[in-house]
Amino acid sequence: MTRPIRFPSNFLWGTATSAYQIEGSPLADGAGHSIWTRFAATPGRIANGDTGDVACDHYRRWRDDVALMRQLGMKAYRFSIAWSRILPQGTGAVNEAGLAFYDRLIDELLANGIEPMVTLYHWDLPAALDDRGGWLNPDIADWFAAYARIVFDRYDDRVRHWVTLNEPWVVTDGGYLHGTLAPGHRNAYEAPIASHNLLRAHGAAVQVYREIGRHQIGLVVNIEPKYPASDAPEDVAATRRADAYMNRQYLDPVFLGSYPAELKEIFGPAWPDWPARDFDLISQKLDFIGINYYTRNVCRHDGANWPLQVAPVRQPQATYTETGWEVFPQGLTDTLVGFKRRYGDMPVYVMENGSAFYDPPQAAHGRVHDPLRMDCLRGNIAALAAAIEQGVDLRGYMVWSLLDNLEWSLGFAKRFGIVHVDFATQRRTPKDSALLYARIVASNGACL
Ligand SMILES: OC[C@@H]1[C@@H](O)[C@H](O)[C@@H](O)c2[nH]c(CCc3ccccc3)c[n+]21
């Protein structure tokens with residue numbers, strides 16, 4: 001008989017989404033262009049020519065979607081605010097209609113007993129700010145802080161969990177190094193500058209929150225634990241570089257006040273000498289850390305693989321998702337326990353965890369059978385319990401995602417939702433994984 005899994009009584013079970021991926025109507029009611037409306041309009045940037053022009057039409061169907069969360073018994077909902085709905089030019093004139101949309105959403109969530117957890121930035125930079133250098137312009141820390149102040153002023157009476165940025169690593173690696181995400185740059189000199197300015201902006205927003213906020217604020221990072229393919233010194237060194245580049249590049253400056261030494265080794269002359277004062281700004285005390293976990297990497301040295309000289313090693317016995325990620329729940333436990341060991345004991349939320357699998361067409365009676373996603377969900381929630389048993393102060397868990405949605409450059413084909421969306425009709429159908437998650441939430445993790 002396995003011991004019952006114990007989650008804290010007020011554990012926040014929920015789901016997560018982001019503005020550009022679900023809302024649609026990106027330019028409605030005075031909203032301005034973002035780098036993603038621009039990227040989506042550039043031929044070849046998003047698979048199948050998909051765009052966020054309609055997406056899940058959440059901008060108009062938000063009330064029904066909250067009702068769906070209520071029906072599933074969700075305790076929380078993590079979503080992002082589109083900066084360019086609030087400030088169409090990124091700075092300057094405020095768009096009241098944009099503020100009013102999120103007012104209505106937040107009020108509806110609270111009326112349904114669902115805790116709103118708000119991300120200020122989930123990749124959709126106002127295009128007007130990109131025209132002024134975007135994340136490459138050091139002034140963006142002030143632009144972001146001004147946007148944050150407006151949003152805190154408006155919603156902090158109802159929102160008790162704030163996130164400054166979603167995944168600065170992805171914004172940098174995808175948007176400035178490999179060019180796979182907006183704004184689509186490929187420049188090893190730009191990437192460290194963008195990354196550093198993201199962290200400066202994060203710190204500036206936290207400073208504003210400490211002036212006027214009454215609740216909690218944190219950062220969300222994607223963590224992908226790295227394991228050496230062998231104990232050969234070159235594989236161990238490659239693994240260390242990969243961990244420094246993806247994971248410690250963000251957690252070290254925020255919690256330890258300095259970058260890992262490996263970054264100078266990786267970027268060489270492209271790695272600037274940063275002013276010490278920046279780290280006082282970046283390492284503002286946080287109330288929690290948000291971790292997005294999807295998979296692990298097994299690493300080997302590969303001298304030809306720029307810039308890290310690391311190659312991933314596929315695991316022959318493992319299950320892989322449609323996005324090519326190994327299903328490895330142990331990595332979630334290792335990540336949470338590893339965070340506590342390196343950075344200390346602090347409240348942790350898993351702010352994203354999920355999987356994309358091919359979902360068969362709707363079966364009879366409107367059911368959508370997704371056994372692989374169910375297995376992944378069970379395994380990851382058991383991994384949470386293992387972390388709690390090892391002393392991790394885990395406060396909540398958000399499944400990515402509530403709805404099938406626009407998977408950035410991969411378009412709509414990669415379905416992460418526990419609720420199926422028929423994009424032709426906008427019909428929502430809870431998948432078997434949603435019904436499983438609803439049971440898990442209702443039993444506070446007992447019925448895995
Ligand atoms: O890919 C699924 C989700 C996205 O839809 C979310 O917007 C984003 O926050 C998010 N982050 C990750 C893990 C980091 C990652 C993203 C893209 C590519 C590789 C790794 C997975 N996801």
Side-chain angles (χ1 to χ4, degrees), residues 14-23 34-36 39-40 45-47 50 52 55-56 58 77-82 117-125 163-182 184 191 195 198 218-226 242-243 245-247 249-251 289-297 308 310 312 320-328 331-332 335 349-357 373 376-377 380 397-419 421:
T15 60
T17 65
S18 87
Y20 189 69
Q21 293 180 270
I22 70 163
E23 289 179 356
S34 75
I35 56 175
W36 274 94
F39 204 65
R45 289 300 204 174
I46 298 187
D50 290 343
C56 306
H58 177 75
Y77 174 54
R78 177 187 174 228
F79 64 95
S80 76
I81 289 179
M117 305 182 89
V118 179
T119 304
L120 289 172
Y121 185 73
H122 201 125
W123 305 359
D124 46 355
L125 185 72
V163 169
T164 54
L165 304 175
N166 181 70
E167 301 184 336
W169 178 83
V170 180
V171 176
T172 303
D173 186 80
Y176 291 89
L177 193 68
H178 295 291
T180 52
L181 301 176
S195 186
L198 277 155
L219 172 69
V220 167
V221 292
N222 55 290
I223 299 296
E224 206 169 86
K226 312 294 180 181
D243 181 50
Y245 174 63
M246 190 178 211
N247 303 325
Q249 179 174 192
Y250 300 92
L251 292 175
I289 185 67
I291 290 176
N292 293 352
Y293 176 81
Y294 288 86
T295 190
R296 69 155 173 182
N297 263 179
L308 286 181
V310 177
Y320 282 79
T321 70
E322 285 290 296
T323 49
W325 297 338
E326 180 191 358
V327 175
F328 189 69
L332 176 51
T335 294
Y349 292 86
V350 172
M351 288 292 198
E352 285 181 31
N353 175 244
S355 52
F357 288 107
R373 189 175 290 104
C376 203
L377 187 62
N380 282 308
Y397 172 76
M398 306 296 138
V399 168
W400 185 272
S401 179
L402 171 68
L403 302 170
D404 291 333
N405 61 52
L406 182 71
E407 183 45 39
W408 304 110
S409 308
L410 301 179
F412 295 108
K414 304 303 180 189
R415 290 176 174 265
F416 279 88
I418 57 173
V419 173
V421 176

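Start at 1 and go down the list; that is how both ligands and their atoms are numbered. Predicted, not measured: the structure shown is a model, and the values here were computed from it. Position 1 is the first residue of the sequence, and the numbers go up from there.
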Counting heavy atoms under 4.0 Å, the part of Y20 that contacts ligand 1 is neither
List every atom of ligand 1 that sits less than 4.0 Å from any heavy atom of N166, numbering the atoms from 1 in the order shown and giving each element.
-> 9 (O)
Heteroatom proximity flag, H122 to ligand 1, N/O under 3.5 Å | yes
With heavy atoms of F416 as the reference, note each atom of ligand 1 found under 4.0 Å away.
-> 1 (O), 2 (C)
Examine distances only and state if a side-chain atom of D50 and a backbone atom of I46 form a donor-acceptor pair shorter than 3.5 Å.
-> no
Note: T323, heavy atoms under 4.0 Å from ligand 1, region reported as neither
State, to 0.1 Å, how close A16 and S401 come at their nearest heavy-atom pair, and which atoms those are.
-> O-OG, 2.7 Å
Do any nitrogen or oxygen atoms of W325 come within less than 3.5 Å of a nitrogen or oxygen of ligand 1?
-> no
Looking only at protein heavy atoms, what sits closest to atom 21 (C) of ligand 1 is Y294 CE1, 3.1 Å
Any chance you could lay out the salt bridge (charged side-chain N to carboxylate O under 4.0 Å, His left out) test for R415 and E322, step after step, and finish with the verdict?
-> CA-CA 8 Å; R415 290 176 174 265; E322 285 290 296; over 6 Å; no
Would you kindly check if the NZ (Lys) or CZ (Arg) of R45 is within the cone defined by 45 degrees around the ring axis of F39 and under 6.0 Å from the six-membered ring centre?
-> no
With respect to Y294, which candidate in F328, W325, W400 satisfies the ring-ring contact (aromatic ring centres under 6.0 Å, His included) definition?
-> W325
Which atoms from ligand 1 have a heavy atom of V170 less than 4.0 Å away?
-> 14 (C), 15 (C), 16 (C)
With sequence neighbours excluded, residues passing ring-ring contact (aromatic ring centres under 6.0 Å, His included) with F357 | none
Ligand 1 and E352, any nitrogen or oxygen pair closer than 3.5 angstrom?
-> yes
Any N/O of E407 closer than 3.5 Å to an N/O of ligand 1?
-> yes
N or O pair under 3.5 Å between N222 and ligand 1 | no
Aromatic rings Y20 and W408: how do their planes relate, parallel, tilted or perpendicular, breaks at 30° and 60°?
-> parallel
Would you kindly specify which portion of E224 sits under 4.0 Å from ligand 1, judged on non-hydrogen atoms: side chain, backbone, both or neither?
-> neither
Min N/O separation S18 to ligand 1 under 3.5 Å = no
What pair of heavy atoms forms the shortest contact from T17 to H122, and how long is it?
-> O-ND1, 4.4 Å
Within the distance-only criterion (no hydrogens, no angle test), does the side chain of S80 pair as donor or acceptor with the backbone N or O of L120 below 3.5 angstrom?
-> no
